[in-house]
Number of protein chains: 2
Amino acid sequence: MRIESDREKLSSNMEDYLEAIALIEMDKGVARVKDISRLMKVKTPSVTSALNVLANKGLVEHERYGYAELTENGKRIAHDVLKRHKMLTKFLSSILKIDPQVAAGDACKMEHVLSPQTCERLTMFVEFVGAGSEIDRPLWLKGFDHYLKTGKRVECKNKQALKKVKGEK
Amino acid sequence: MRIESDREKLSSNMEDYLEAIALIEMDKGVARVKDISRLMKVKTPSVTSALNVLANKGLVEHERYGYAELTENGKRIAHDVLKRHKMLTKFLSSILKIDPQVAAGDACKMEHVLSPQTCERLTMFVEFVGAGSEIDRPLWLKGFDHYLKTGKRVECKNKQALKKVKGEK
DNA sequence: TTTATTTGTTAGACAAGTTTAACAAATACA
DNA sequence: TGTATTTGTTAAACTTGTCTAACAAATAAA
């Protein structure tokens, strides 16, 4: 028999609900069933049912016909997920140059399945690379861009090519 | 009403079964329920049931009490999954230096969720980086290793530090 | 070739998450 | 204040994949 605040691993789905609620709270202050259902692309009964599950785990508060609110615990988890989401999005879009939509989708999947170790390393990697702007983009990464376009590695002995890679787009 | 060889997207689970069967076929020529169940860490009835699903989709052939064999279609999918798996493992273990066990686990999850675009880019990235051996490891990547260890970027102006990063471990 | 062991299948239950249909509460507005 | 509209909930069914228990086929071995 188990008591209250279970520390069991949340399912991807429930993590997604927490994340959605957090986003809506950030946007509008409070989250309603309708908003969640719209954001998650599920019907409202699914939301009601998810809220019951999450409330049982002490991750949201929800009174019938009222707003849903994350508890402290819920917030903590949601923010962890969001942090992973952001990091992954950045990795995909600014390092690998994946299209924003696709990157968002992939980040949404990956955020629930990566081990803490991988998340941590990837975070360090993103941090290490920087690459927020084109200017910050390290030279080797521009080399990768070139490799993507042409399938060929930049010959660094050739000053001409090197300049080209360094310089533009 | 739908006919035979549906081109619907396979679930992660079913992809995993195909992958397992492919691995066993490669190892022993033919795959038996027992082998699959062992590799997948599920009980045999789950395998029987999965084989029925896959047979319906035309991805395996399986006669009662006999061997399971991938069809051409099944093989194609299984090999795609395996290719992604290998690529991801390489990315995680040889670029990010994730522990083998953890890398394997993460690759196993990621292989089912990444978009084709991300798979392709990541493949290119792994290819670009090389990094099969410590010797091939590009200098910037050694810089990342150093960043992981110390949290500090290598100052390339400092010849001493540079040499250290280039040289050892 | 009969018996024992291993392997595979069926049937039935369960868990998580989803849906539709019907209904109830809250809100808006006349 | 009374009626409509919007929003939320309940109940019941379905899906996917799992399991246990009981049974059936195949293989090994006596």
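Basis for what follows: all heavy atoms, side chains included, without hydrogens, waters or symmetry-related copies. A note on names: the letters A, B, ... follow the listed sequences, proteins ahead of strands, and every chain is numbered from 1.
- Nearest heavy atoms, B:Y147 versus B:R153: CD1-N, 3.8 Å.
- Rounded to a whole Å, the CG atom of A:N56 is 13 Å from the P atom of C:dG17.
- A:W140 and B:W140 have parallel rings, their planes meeting at less than 30° on a 0 to 90° scale where 60° marks the start of perpendicular.
- Between A:D16 atom CG and C:dG17 atom P there is a gap of 11 Å when expressed in whole angstrom units.
- B:T89 places no side-chain N or O within 3.5 Å of a backbone atom of B:A107 that could act as its donor or acceptor partner.
- Crowding of A:E25 atom CD: a count of heavy atoms from other residues, nucleotides or ligands under 6.0 Å exceeding 12.
- Rounded to whole angstrom, the span from the CZ atom of A:R38 across to the C1' atom of D:dT7 amounts to 11 Å.
- Put simply, CG on B:D35 is 9 Å from P on C:dT7, counting in whole angstrom units.
- Taking a cutoff of 4.0 Å between a charged side-chain nitrogen and a carboxylate oxygen, A:R38 and A:D35 qualify as a salt bridge.
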key: Chi angles and distances behind the side-chain contact (heavy atoms from CB on, under 4.5 Å) call for A:V81, A:L18   = CA-CA 9 Å; A:V81 176; A:L18 289 182; over 6 Å; no

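- Protein atom OH of B:Y67 is 12 Å distant from nucleotide atom C1' of C:dT7, rounded to whole Å.
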query = What does nucleotides 9-21 of chain D look like as a protein-contact string, B for base, S for sugar-phosphate only, - for none, at under 4.0 angstrom between heavy atoms?
reply = BB------SBBBB

